[in-house]
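Accompanying notes for the structure given below.
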Amino acid sequence: MIRDDIENKLISRFSPHFLQVINESHRHNVPAGSESHFKVVIVSDLFNDKRSVSRHRDVYQTLSHELDNGVHALALHTFTLSEWDEQQDKALHSPGCRGGSQQD
């Protein structure tokens, strides 16, 4: 499963304190069972002293194979441990699909 591959690669590369990989494909206009849209929440010491753009670039580079082979979108929420301590109780909702969802 693509979700498992994403999770394993992120664990291996970032040794996260917290990791959540959520398949949000069902919220988009794709066939049932698709693995094309994901939300990733990751907390890692490797993000210390890095800006958001650099953190996202690191994640995209780590998941380049998946992005080249069927993963259409990643909603990334990247935190240091201190940022996570401050923000983990806030909702991290992904926006609705602009292309229309199957529920519309």
Side-chain angles (χ1 to χ4, degrees):
M1 293 181 67
I2 294 171
R3 187 207 157 279
D4 294 337
D5 293 342
I6 290 171
E7 188 173 90
N8 290 332
K9 284 185 176 186
L10 294 175
I11 289 170
S12 177
R13 168 69 174 90
F14 295 100
S15 302
H17 295 279
F18 177 83
L19 175 64
Q20 188 175 42
V21 179
I22 302 167
N23 183 351
E24 295 187 327
S25 301
H26 66 280
R27 299 181 65 211
H28 300 272
N29 190 17
V30 296
S34 291
E35 289 188 287
S36 58
H37 296 70
F38 291 90
K39 176 167 66 174
V40 173
V41 180
I42 183 169
V43 180
S44 174
D45 292 335
L46 294 179
F47 296 144
N48 292 343
D49 301 319
K50 287 190 174 186
R51 293 180 181 215
S52 181
V53 171
S54 181
R55 296 172 189 186
H56 287 206
R57 187 180 308 122
D58 290 347
V59 172
Y60 288 135
Q61 184 177 23
T62 301
L63 301 177
S64 63
H65 176 77
E66 288 73 17
L67 290 164
D68 288 340
N69 292 283
V71 173
H72 176 71
L74 286 174
L76 298 179
H77 303 276
T78 57
F79 300 98
T80 64
L81 190 56
S82 62
E83 291 167 342
W84 182 242
D85 287 342
E86 293 174 10
Q87 298 184 26
Q88 67 180 317
D89 293 328
K90 296 180 182 171
L92 300 172
H93 297 287
S94 296
C97 177
R98 290 183 161 225
S101 70
Q102 291 178 334
Q103 288 80 26
D104 290 344

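On a predicted model such as this, the values are computed, not experimentally measured, just so you know.
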Stepwise, does the side chain to side chain contact (heavy atoms under 4.5 Å, CB included) test hold for K9 with L63? CA-CA 7 Å; K9 284 185 176 186; L63 301 177; 4.1 Å; yes

Group every Ile, Leu, Val, Met, Phe, Trp and Tyr by side-chain heavy-atom contacts under 4.5 Å, then state whether F38 and I11 land in the same group. yes

Would you check, one step at a time, whether the test side chain to side chain contact (heavy atoms under 4.5 Å, CB included) holds for V59 with R57? CA-CA 5 Å; V59 172; R57 187 180 308 122; over 6 Å; no

How long is the gap from CG on D58 to OG on S54, to the nearest 0.5 Å? 4.5 Å

Atom CG of D49 with >12 non-hydrogen neighbours under 6.0 angstrom: no

Just by modelled atom types, is the E83 backbone N or O under 3.5 Å from a matching donor or acceptor in the E86 side chain? no

Calculate, to the nearest 0.5 Å, the distance between atoms CG and NE2 belonging to D5 and H65 respectively. 7.5 Å

Please determine whether side chain to side chain contact (heavy atoms under 4.5 Å, CB included) holds for the pair L74 and H56, giving the CA-CA distance in whole Å, both sets of side-chain angles, and the decisive distance to 0.1 Å. CA-CA 10 Å; L74 286 174; H56 287 206; over 6 Å; no

Less than 4.0 Å between a side-chain N and a carboxylate O, is that true for E66 and R3? no

Could you check, using the six-membered ring where one of them is a Trp, whether F14 and F47 have ring centers closer than 6.0 angstrom? yes

When you group the ILVMFWY residues by side-chain heavy-atom contacts below 4.5 Å and let the links chain together, are Y60 and I22 in the same group? no

Nearest 0.5 Å, please: how far is OG1 in T78 from CG in L10? 11.0 Å

Does NE2 in H17 sit with more than 12 non-hydrogen atoms of other residues, nucleotides or ligands closer than 6.0 Å? yes

F79 vs H77 aromatic rings, parallel, tilted or perpendicular, using cut-offs 30° and 60°? parallel

When rounded to the nearest 0.5 Å, the distance separating CG of L67 from CD of Q61 is 11.5 Å

Residues R55 and K50: closest non-hydrogen pair is NE-O, 3.0 Å

Pairwise distance CD1(I42) to CD1(I6) - rounded to 0.5 angstrom: 11.5 Å

Separation between CD (E24) and NE2 (H37), nearest 0.5 Å, reads 9.5 Å

Would you please test V43 and L19 for side chain to side chain contact (heavy atoms under 4.5 Å, CB included) and show each step? CA-CA 7 Å; V43 180; L19 175 64; over 6 Å; no

Under a 4.5 Å cut-off applied to non-hydrogen side-chain atoms, are F18 and V41 in contact? yes

